[in-house]
Amino acid sequence: MRQPEMLLLYCLLKTPAELPVLKGLGESALQYFSRDGLTVAYSEVSNIDLVSIESTTEHPAFQYERIVMTLHQQHHLIPIRFGEKVTGVEKIESLLNTHAPKIHQALNQLGDKSELIFKVRPTTLPEKKLPESLKDSKNKGIAYLRKKYQKHQQTFAAEDDLSVVEKVFLSVFQSVLFDHQVALKSDSVAVRLLVARSYQTSESITKQLVEQLPNHELSFTGAFPPYHFATLQLGKP
Amino acid sequence: MSNEDPLKPFDPDKDKVLLSEVLDRVINTGVTISGDLTIGIADEDLIYVGLRVLLTSVDKLREDNEAT
């Protein structure tokens with residue numbers, strides 16, 4: 001029985017005047033299927049191992065992200081989760097036929113946006129006195145519990161920070177923000193901002209963040225395609 | 001701020017980008033075609049979602065391990 005061709009989907013675009021010639025994963029050509037103003041970027045991956053992690057620089061996820069970011073620099077798009085595959089172009093056609101209104105709506109809302117990701121980590125953790133029951137340094141079980149407790153204190157410090165950090169970012173970015181998310185990581189707060197694709201950060205923004213978040217380490221990555229805000233679920237085509 | 005130019009996004013070609021950071025972004029988020037993690041049996045209408053069954057973010061794996 002002939003094996004169906006596997007097509008990896010990269011992103012949904014508003015069909016541009018000209019589609020760029022790019023390579024997809026494994027040097028296969030990046031292809032496009034367009035219908036009624038919508039385009040899906042895809043490539044054939046039947047013979048490609050998408051799970052290989054022999055080398056982080058060659059991991060398919062890196063290649064995939066680079067391709068979507070290249071497209072995002074020039075075109076309105078929303079990214080598709082890495083690993084979404086269909087069997088054949090007719091499935092892509094069915095996808096667009098079935099979900100065109102939802103895709104159009106999502107592209108209108110997100111297509112011209114980017115996400116910026118900040119991580120905020122407190123450098124000065126509040127001093128918490130250990131409970132008396134955890135001060136016994138000889139008991140191995142208590143030593144284990146003490147370590148767990150101290151780890152949780154770091155988490156709580158970040159939890160305390162959550163609303164403060166969120167307020168600061170909402171204040172600093174209020175004039176350019178379309179949406180935002182905050183998430184508690186193990187010892188930091190991740191802030192994701194949805195901004196216009198054309199938005200550029202500035203020194204004055206840096207200064208405001210540093211002034212309003214003293215005793216914190218801040219790091220920034222982006223701009224990315226709006227992965228965290230592209231929550232569209234299309235169902236099986 | 002941890003970088004020289006605090007708000008300059010780091011260049012993945014110059015700086016080390018952890019695979020886990022990329023994976024956290026591209027495999028946990030974005031438009032999905034099928035909502036459930038179901039793997040079809042060999043059929044002409046097969047839709048493969050097996051990759052997501054096999055490949056998950058480091059944080060999710062860590063959370064799962066801590067929960068058990």
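Values below: every heavy atom of this structure, side chains too, minus hydrogens, waters and symmetry copies. Throughout, protein chains are lettered first and strands after them, A, B, ... in sequence-line order, and every chain is numbered starting at 1.
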Going from CZ on A:Arg81 to CZ on B:Arg25, what distance comes out if it is rounded to the nearest 0.5 angstrom?
14.0 Å
Evaluate the side-chain proximity of A:Lys91 to B:Ile33: yes if any heavy-atom separation is below 4.5 Å, no if none is.
no
A:Leu213 portion near chain B, given a 4.5 angstrom heavy-atom threshold:
neither
With a 4.5 angstrom heavy-atom cut-off, is it the side chain or the backbone of A:Lys102 that approaches chain B, or both, or neither?
neither
Contact origin within A:Ile103 toward chain B - heavy atom pairs under 4.5 Å:
neither
Nearest heavy-atom contact between A:Gln233 and B:Thr32 is CG-OG1, 3.2 Å
Side chain from CB out, backbone as N, CA, C, O: work out which of these in A:Leu116 comes under 4.5 Å of a heavy atom of chain B, or both, or neither.
neither
Where on A:Glu115 is there a heavy atom nearer than 4.5 Å to chain B: the side chain, the backbone, both, or neither?
side chain
Against chain B, label A:Phe229 side chain, backbone, both or neither, depending on which of its atoms sit under 4.5 Å from a heavy atom there.
neither
Determine whether more than 12 heavy atoms belonging to other residues, nucleotides or ligands lie under 6.0 Å from atom NZ of A:Lys23.
no
Partner of B:Val31 under side-chain contact (heavy atoms from CB on, under 4.5 Å), picked from A:Leu232, A:Leu110, A:Leu9, is A:Leu232
For B:Thr29 and A:His228, which heavy atoms make the closest approach, and how far apart are they?
CG2-CD2, 3.4 Å
